[in-house]
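Worksheet for the structure shown next.
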Number of protein chains: 2
Amino acid sequence: MGMHPPETWAAHARRVLAQHKRHSGAARQAVLELLDRQNCALSAIEIEDALRAGQRPVGRASIYRVLDELERLHLVQKLQVAQAMARYEPHRSGEGHHHHLVCDNCGTVTPFTDPELENAIEQLSRRVPMRVEEHEIVLHGACQDCSN
Amino acid sequence: MGMHPPETWAAHARRVLAQHKRHSGAARQAVLELLDRQNCALSAIEIEDALRAGQRPVGRASIYRVLDELERLHLVQKLQVAQAMARYEPHRSGEGHHHHLVCDNCGTVTPFTDPELENAIEQLSRRVPMRVEEHEIVLHGACQDCSN
DNA sequence: TTGGAGAACAAGACTAGATCTCAATCGTAT
DNA sequence: ATACGATTGAGATCTAGTCTTGTTCTCCAA
């Protein structure tokens, strides 16, 4: 369990994709690099806009296709956080893992982490009639600004 | 804190609605009664279909309006379980509370309950910078049928 | 009991997130 | 270099959810 050489998530993703015999196209690279720079979840539309504004426009269909692919390989996690709009974030082992607080008043989404909760989920996953691969926890309520 | 007389969720909901000075229309009654007969979450479309097939057709706009209203009064909980489609279920205190396992292969949604998990969430809710009112937990993976 | 104010309702136009199609292009193994 | 399959983008299409509008119904007070 020694130190791994530092490797970006994007590099890791590229490696996994290569192992799965995928060609490496420009659209996919752009999405990977954008995702790698984020620390919380983005929607497909936000990704589309960011890429159009920034480095390289990518067709909407490509974005959804890439996100789908990455999700199937467990490289991103797809979240149904609040509205009827999916969000995606890089699936980093350990340190990046977090869940979300959603303010039902103003709609803000804030990430949080909690080791004890992770522990409880870990235990639970063994008791449940399913091979658990991911979990998603959303707390709803009123954020500090809104509860005054 | 004694025993309450047995009261259906629908009756409870009607009472709360009355307290909030809402008139009582036919569409809302139909939705209430349908929801009361379910033990897991329904989507708005499923509700629309069930009502059209069954007792009394109700306009789609009305269904969403009613569900919204019920959600604001905490009489139903809105869930973003799997696909980009919200699901709603009666919010019963205690005994009816549960969470969901989603099989990413076949899409089945199964409810489960777990006191320890509820406990962990309860603790967590105090540590977190938000007044927590609801929580939603979804475990993803492969169900028993699909993991063979 | 009746009349009126405002709540509830239905139909359907509309929006926006997501998917599908298909022809053109690109990557890579040979 | 070539061939073949993977990748891509434009735009059509689908569908959950929202908005608009005119009508109907509930409740309450006279």
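Order of the sequence lines sets the chain letters (A, B, ...), proteins ahead of strands, with each chain counted from 1.
Rounded to whole Å, atom P of D/dT18 lies 12 Å from atom CE of A/M85. Rounded to an integer number of Å, the gap from CD of A/E71 to C1' of C/dA18 is 14 Å. Nucleotide C/dG12 holds its C1' atom 14 Å from the CZ atom of B/R52, rounded to whole Å. Between the CG atom of A/D49 and the C1' atom of C/dA16 there is a distance of 12 Å, given to the nearest Å. Spacing between atom CG of A/L17 and atom P of C/dT28 amounts to 12 Å, rounded to whole angstrom units. A straight line from CD1 of A/I45 to P of D/dA16 spans 17 Å, rounded to a whole angstrom. Taking atom NE2 of A/H20 as the reference point, atom P of C/dT28 lies 17 Å away to the nearest angstrom.
Distance check, rounded to the nearest 0.5 Å: CD1 of A/I47 to CG of A/L35 gives 4.5 Å. The line from CE of A/M130 to OG1 of B/T110 is 6.0 Å long, rounded to the nearest 0.5 Å.
Looking at B/N105 and B/S147, their side chains never come closer than 4.5 Å, going by heavy atoms from C-beta outward.
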Could I get a table of every N or O pair under 3.5 Å where one atom is in the protein and the other is in nucleotides 1-11 of chain D?
from	atom 1	to	atom 2	distance (Å)
D/dT7	OP1	A/H23	N	3.1
D/dT7	OP1	A/H23	O	3.4
D/dT7	OP1	A/R28	NH2	2.8
D/dT8	OP1	A/G25	O	3.3
D/dT8	OP1	A/A26	N	3.3
D/dT8	OP1	A/A27	N	3.0
D/dT8	OP1	A/R28	N	3.1
D/dG9	OP1	A/R56	NH1	3.0
D/dG9	OP2	A/G59	N	3.1
D/dG9	OP2	A/S62	OG	2.8
D/dG9	N7	A/R65	NH2	3.4
D/dG9	O6	A/R65	NH2	3.3

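Note on A/Y64: every side-chain N or O is 4.0 Å or more away from OP1 and OP2 of C/dT19.
A salt bridge is absent between A/E89 and A/R87: the closest approach of a Lys/Arg side-chain nitrogen to an acidic carboxylate oxygen does not fall below 4.0 angstrom.
Heavy atoms of other residues, nucleotides or ligands lying less than 6.0 angstrom from CG of B/N39 number 12 at most.
Aromatic pair A/H135/A/H97: ring centres closer than 6.0 Å.
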